[in-house]
Amino acid sequence: MPSRSPTLFDLTGRTALITGSVRGIGFAFARGLAQAGARVILNGRNKAALDEAVGKLSGEGLSVLGLQFDVADEAAITGAFKRLDDQNIPVDILINNAGIQFRKPMVDLALADWERVLNTNLTAAFLVGREAARRMLPRGQGGKVINICSLTSEMARNTVAPYTAAKGGLKMLTRSMAVEWGPHNVQTNGIGPGYIATEMNRALIDDPKFDAWVKASNPAQRWGQPEELVGAAIFLSSAASNYVNGQIIYVDGGWLAVL
Ligand code: NDP
């Protein structure tokens with residue numbers, strides 16, 4: 001019988017910061033990593049929503065705390081990391097999850113909307129990743145960065161040009177981080193979710209035509225649930241992935257395999 005190591009995926013003693021984790025996929029990651037043993041720092045812009053999410057998970061007996069900041073605001077990010085420094089809280093695992101969508105044909109798209117989407121989905125991963133790495137590298141204890149990519153890291157769709165450009169860029173930022181930080185035992189990888197049933201997609205789920213297209217287009221024939229991304233996140237957060245670097249794992253029901 002091959003032996004199985006329960007410690008391979010154990011996150012006990014590790015601290016994980018997950019951006020945009022008051023709901024949806026980020027909240028599922030927070031619960032999943034905390035259940036795997038990590039202390040989890042939840043993040044959001046809205047204090048009341050953040051407190052509620054932290055309260056919910058601590059009520060389940062999980063080790064969580066909240067860190068309020070806007071991932072699109074460089075000064076807010078550096079201030080938040082300073083608050084962690086002041087409390088001697090290291091970040092061993094960072095999940096760059098916060099993201100926004102905005103739908104408009106490109107010919108009608110304003111620069112401000114382009115920049116808002118790029119800032120939140122791409123530049124934020126650089127800024128938060130940079131602050132985390134500035135601490136992980138000198139500590140010399142390695143680390144994990146996970147960037148939440150998308151099917152649009154590979155393919156385009158109508159009306160989502162800034163999101164597609166940002167998620168495509170995030171895939172290559174993942175590889176840049178992997179190259180620069182890998183020699184310091186920091187592995188950077190991405191997760192590319194398929195269509196997942198969250199608030200971000202509320203209007204699409206409620207649109208019978210779009211809903212039918214999702215169900216007809218992927219081998220799973222359904223929307224994914226946020227919890228179905230957690231296994232990949234635990235793998236990429238744990239010692240099980242110590243020789244995996246610069247990869248994107250698509251958790252999409254098989255969507256990218258279909259012609
Ligand atoms: P949701 O809209 O449900 O959640 C997004 C979270 O990000 C919210 O908690 C939101 O908080 C937070 N957020 C947004 N902007 C900021 C900001 N500037 N600073 C801090 N937090 C912010 O989305 P999902 O859970 O569906 O998406 C999570 C990630 O997964 C995103 O990166 C998304 O692009 C990606 N993804 C999602 C897919 C899907 O089908 N759902 C598919 C592929 C990728 P607030 O209340 O403050 O807005």
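The figures here come from the full heavy-atom set of this structure, side chains too, leaving out hydrogens, waters and symmetry mates. For ligands, and for the atoms within them, numbers begin at 1 and follow the listed sequence.
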Is it true that R116 and D113 make a salt bridge, defined as a side-chain N closer than 4.0 Å to a carboxylate O?
-> yes
With atoms numbered from 1 as shown, which atoms in ligand 1 lie under 4.0 angstrom from a non-hydrogen atom of E199?
-> 3 (O)
For residues F126 and L173, report the shortest heavy-atom separation together with the two atoms involved.
-> N-CD2, 3.7 Å
Can you pull out the closest protein heavy atom to atom 47 (O) of ligand 1? Residue, atom name and distance to 0.1 Å, please.
-> R45 NE, 2.9 Å
Look at ligand 1 and say whether N46 reaches it with a heavy atom at a distance under 4.0 Å.
-> no
At what distance is the nearest protein heavy atom to atom 6 (C) of ligand 1, and which residue and atom is it?
-> G20 O, 3.5 Å
Which heavy atom of the protein is the closest neighbour of atom 42 (C) of ligand 1, given with residue, atom name and distance?
-> G194 O, 3.2 Å
Nearest protein heavy atom with distance in Å, relative to atom 30 (O) of ligand 1 = I148 CG2, 3.4 Å
Give the atoms of ligand 1, by number and element, whose distance to some non-hydrogen atom of Y163 is under 4.0 Å.
-> 33 (C), 34 (O), 35 (C), 36 (N), 43 (C), 44 (C)
Out of curiosity, is C149 lining ligand 1, as in a heavy atom under 4.0 Å away?
-> yes
For R23, what residues pass the salt bridge (Lys or Arg N to Asp or Glu O under 4.0 Å) criterion, not counting sequence neighbours?
-> none
At what distance is the nearest protein heavy atom to atom 3 (O) of ligand 1, and which residue and atom is it?
-> R23 NE, 3.1 Å
Is N201 in polar range of ligand 1, meaning some N or O pair under 3.5 Å apart?
-> yes
Could you note down all residue pairs passing side-chain hydrogen bond (donor to acceptor under 3.5 Å, both in side chains) where residues 52-70 supplies at least one of them, sequence neighbours left out?
-> R31-E60
Is the number of heavy atoms from other residues, nucleotides or ligands within 6.0 Å of CG (D108) greater than 12?
-> yes
Counting heavy atoms under 4.0 Å, the part of N43 that contacts ligand 1 is side chain
Check: G44 N/O within less than 3.5 Å of ligand 1 N/O = no
Ligand-side contact atoms (ligand 1) for residue partner V22, heavy atom cut-off under 4.0 Å | 9 (O)
At their closest point, which heavy atom of I93 faces which heavy atom of S237, and how far apart are they?
-> CG2-OG, 3.6 Å
Is there any N or O on V71 that sits under 3.5 Å from an N or O of ligand 1?
-> yes
How long is the gap from OH on Y250 to OG on S153, to the nearest 0.5 Å?
-> 4.5 Å
Just jot down the ligand 1 atoms closer than 4.0 angstrom to any heavy atom of F69, in number order.
-> 19 (N), 20 (C)
Polar proximity ligand 1 side, Y195 side, N/O cut 3.5 Å exclusive = no
Top protein contact for atom 23 (O) of ligand 1, by heavy-atom distance | M200 CB, 3.6 Å
Do the ring planes of Y195 and W223 sit parallel (below 30°), tilted (30 to 60°) or perpendicular (above 60°)?
-> perpendicular
Any atoms of ligand 1 less than 4.0 Å from a non-hydrogen atom of G24? List them with their elements.
-> 25 (O)
To atom 37 (C) of ligand 1, the nearest of I18, T198, I25 on a heavy-atom basis is I25
Side-chain H-bond candidate by donor/acceptor type, N147 with T174, under 3.5 Å = yes
Any atoms of ligand 1 less than 4.0 Å from a non-hydrogen atom of D70? List them with their elements.
-> 17 (C), 18 (N), 19 (N)
Reported CZ-to-CG distance for the pair R202 and D207, which is rounded to 0.5 angstrom | 12.5 Å
How far is atom 31 (C) of ligand 1 from its nearest protein heavy atom, and which residue and atom is that?
-> N97 O, 3.1 Å
What's the shortest distance from atom 43 (C) of ligand 1 to any protein heavy atom, and which residue and atom give it?
-> P193 O, 3.5 Å
Can Q101 be said to touch ligand 1, with heavy atoms closer than 4.0 Å?
-> no
Shortest non-hydrogen contact from S241 to Q187?
-> O-CG, 4.1 Å
Does the side chain of E199 come under 3.5 Å of the side chain of N201 through a donor N or O and an acceptor N or O?
-> no
Over all atoms of both residues, closest heavy-atom pair of T198 and G24 = CG2-CA, 4.2 Å
Pairing of E180 and R175 as salt bridge, 4.0 angstrom limit | no
